[in-house]
Amino acid sequence: MKIIDIYRRCLNGEEMNETDFDINVVFPGIMQVVQKHNIKYNPADPVSSDDDLADRVFEAALEFFINTGMYCQDTGRVVKFTKEEILYAIGDSARPRCIGGEKESRREWRCRKPDENSRPWCHIGSGIYTSTDELFLKLVEGYARIDRADSMAVPTLMNDPESNSDVPFHPSEVMACIHNMKMARKATENAGRPGFPVFNVVPASGGPVSTIAASHPNCGTRTSDGWLCAFYPEYKLKMDTLNKMCFLQEIGGNIAGEASTLLGGYCGGPEGIAVGVTAYAMMSCMLGATYFLNFPVTLKGAISTTRQLLWGLGLGSQAISRNIYLATYNSGYSAAGAGTKEYFYQSAAYILTGVTSGVTTGTPFPAAGVKMDGMTPLEPKFHTEMADAACQLTRAQASPIVVKLLEKYEHTLDTPDLGMTYPELFDLDTNTPKDFYQKMYEEVKAELVEMGVPIK
Amino acid sequence: MSQIHFDNLRDAITSLNAAGATEIATTAIADGVEPVDLITYGIRTGLDIMGERFSNGDCFLPELMLAGRAADSAVAIIEPAMLAAGNADQKLGKVVIATVKDDLHDIGKNIVALMLRSAGFDVIDLGSDKSKEEIFAAAEENNADIVGLSTLMTTCMSIVPEFVELLKAKGVRDKYKVLVGGAPLNPQFAADAGCDGYAADASKCVEMAKELMGIAA
């Protein structure tokens with residue numbers, strides 16, 4: 001679908017109050033299709049292997065998305081699509097392939113299927129706040145030195161150089177975004193990997209002006225990088241997002257449709273998460289995204305490693321990978337922070353669920369992504385090792401391992417240990433983990449091997 | 001007899017039935033049930049059940065909102081009867097009330113506002129998601145006696161002491177009585193924050209407001 005047709009529908013669709021869209025359209029719509037297609041949560045099997053159930057989730061999401069459409073918050077109108085339009089948009093010929101990086105780092109992000117043992121795309125790193133330029137450079141350089149990684153999300157560097165405040169703030173979003181991208185490229189060059197792609201050129205919350213500004217080649221940005229274009233819960237869109245997508249389509253950049261379905265929100269419970277994320281993949285396709293950043297979280301705590309969420313996300317991922325041709329990665333949020341065993345357990349459960357379900361994952365964010373300097377290069381390294389291990393397993397093999405992992409951390413989710421910071425966990429002179437952290441990491445890997453994870 | 005009305009109203013709210021809540025409230029008022037009791041034993045009970053279900057993960061945000069809509073429907077019927085039966089013409093004092101910044105929960109605050117009006121207070125209801133600066137400006141503009149702050153979220157509690165500090169910084173701390181309420185708050189928190197009063201529910205809030213105004217209950 002051409003983007004001008006989306007603009008037209010934003011202007012001409014049915015007028016509706018936003019709360020009515022939430023309460024009278026989205027919520028009952030999801031509940032209705034969940035019941036009709038007999039989608040039932042099974043807490044004993046967090047990674048479902050039921051292909052028929054995954055396909056019913058797809059059918060439910062299609063029906064839901066046809067009936068619901070999406071809501072333009074600027075015009076107060078509902079944008080709807082026909083079944084034919086959606087089925088065309090989710091096919092493999094409807095959009096450009098997702099190709100990231102340059103020269104030695106140039107790769108195509110291919111879609112996978114559940115239980116497929118092909119190499120999953122590894123999108124490492126995170127958008128956690130980093131306090132100083134120096135730490136940012138070391139951290140991103142550490143990311144770029146992970147050879148197995150295919151793309152990365154860089155931290156957000158929103159600090160005013162003349163301010164000592166602990167609160168991230170920069171007087172100019174445009175300047176901050178330009179600086180962020182320049183520093184990211186400098187770090188990849190320092191690592192000897194200048195072609196390594198940045199798949200979050202501007203933070204998703206950045207406006208279109210910042211996006212356009214930081215996309216200039218002078219910032220080191222290339223069309224083989226990736227941009228995040230966020231939707232709003234649930235099935236809402238702002239003109240700002242559409243304007244970003246319009247610009248990025250014009251320059252040929254990799255565009256992520258980004259959606260955070262809320263467990264316990266307008267999509268309801270785990271069954272609604274499965275249907276909801278699948279419908280968001282369809283919405284991403286309608287808007288011309290080349291990949292899909294899928295990060296459902298709980299309403300309480302904003303994390304993505306609870307049993308209910310893993311079940312819904314895994315099933316939705318299967319519905320997407322079996323039926324929708326769109327490179328997809330799940331972006332996870334661990335309750336526990338870096339420097340804790342619980343972080344590794346949650347990360348392992350999340351990666352096992354996503355990779356065996358036919359998609360890939362980002363590096364789960366420690367401490368729900370809210371602890372400044374709360375990530376090191378070791379968590380992304382663990383992510384790549386877990387991804388390569390997970391792709392050797394089937395869903396049926398992964399599910400009992402995820403159950404064991406849940407038993408290790410489920411009781412800690414309400415009162416998580418937020419862990420430590422990069423300087424506390426790493427020797428910054430050598431950019432390597434301190435002994436105690438390296439030891440913890442090796443202990444966790446040994447535990448995972450015991451559980452049946454073929455991690456090296 | 002009244003208990004049946006309370007139970008029916010509670011059930012209409014927990015089954016998210018706004019039309020049913022309207023009908024039950026209309027019948028109950030016609031049957032002479034005390035409006036305040038309908039709120040306390042019907043609406044409040046229903047909302048408490050929904051709040052507990054939400055906390056336990058047994059219901060979702062939209063269901064909580066739909067329960068709120070059902071409660072509002074009933075309140076719309078009960079309010080005129082309550083004002084007629086109360087002391088609405090008698091002005092005991094002026095109250096500026098709001099749910100604080102980043103918190104959209106206003107059902108409890110709405111009930112408090114209604115009961116204060118019924119008791120004879122002049123209430124300026126600012127709504128929800130209001131900053132301390134907005135609340136202060138409204139208090140000044142309306143020459144309020146009491147400022148009522150409500151929140152249902154632990155993440156928003158910090159605005160209470162910040163508001164008291166703002167009053168001090170403006171040199172008007174003694175001009176206003178600050179009265180707070182909401183699920184995560186308690187008397188100790190209110191005292192530590194420098195407030196003048198805390199109320200656990202709408203009825204207590206009326207009593208506390210009268211006490212702060214030096215009016216015998």
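Quantities reported herein were computed from a predicted structural model and do not represent experimental measurements. A note on names: the letters A, B, ... follow the listed sequences, proteins ahead of strands, and every chain is numbered from 1.
Summarising the local packing, CD of B/Glu162 is surrounded by more than 12 heavy atoms from other residues, nucleotides or ligands at distances under 6.0 Å. No more than 12 heavy atoms of other residues, nucleotides or ligands lie within 6.0 Å of CD in A/Gln35, so this atom counts as exposed by the packing criterion. Around atom CG of A/Asn38, more than 12 heavy atoms belonging to other residues, nucleotides or ligands sit under 6.0 Å away.
Counting heavy-atom pairs closer than 4.5 Å to chain B, the top-ranked of the candidates A/Pro28, A/Gly269, A/Cys267 is A/Gly269.
Within the structure, salt bridge (Lys or Arg N to Asp or Glu O under 4.0 Å) pairs that include any residue of residues 57-80 of chain B comprise A/Asp20-B/Arg69 (at least two apart or interchain).
The minimum heavy-atom distance linking A/Gly264 with B/Pro62 is given by the pair O-CD, 4.1 Å.
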Side chains of residues 13-25 of chain B: which donor-acceptor pairs under 3.5 Å do they make with residues two or more places apart or in other chains?
residue, atom, partner, partner atom, Å
B/Thr14, OG1, B/Arg10, O, 3.3
B/Thr14, OG1, B/Asp11, O, 3.2
B/Ser15, OG, B/Asp11, O, 2.7
B/Ser15, OG, B/Ala12, O, 3.4
B/Asn17, OD1, B/Ala19, N, 3.4
B/Asn17, OD1, B/Gly20, N, 2.7
B/Thr22, OG1, B/Ala18, O, 3.0

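Each of A/Leu299, A/Leu262, A/Asp22 was scored for a side chain to side chain contact (heavy atoms under 4.5 Å, CB included) with B/Leu61, with one residue passing: A/Leu299.
Contact of A/Thr19 with chain B is made through backbone and side chain together, with heavy-atom distances under 4.5 Å. Of the atoms belonging to A/Tyr266, heavy atoms from both backbone and side chain fall under 4.5 Å from chain B.
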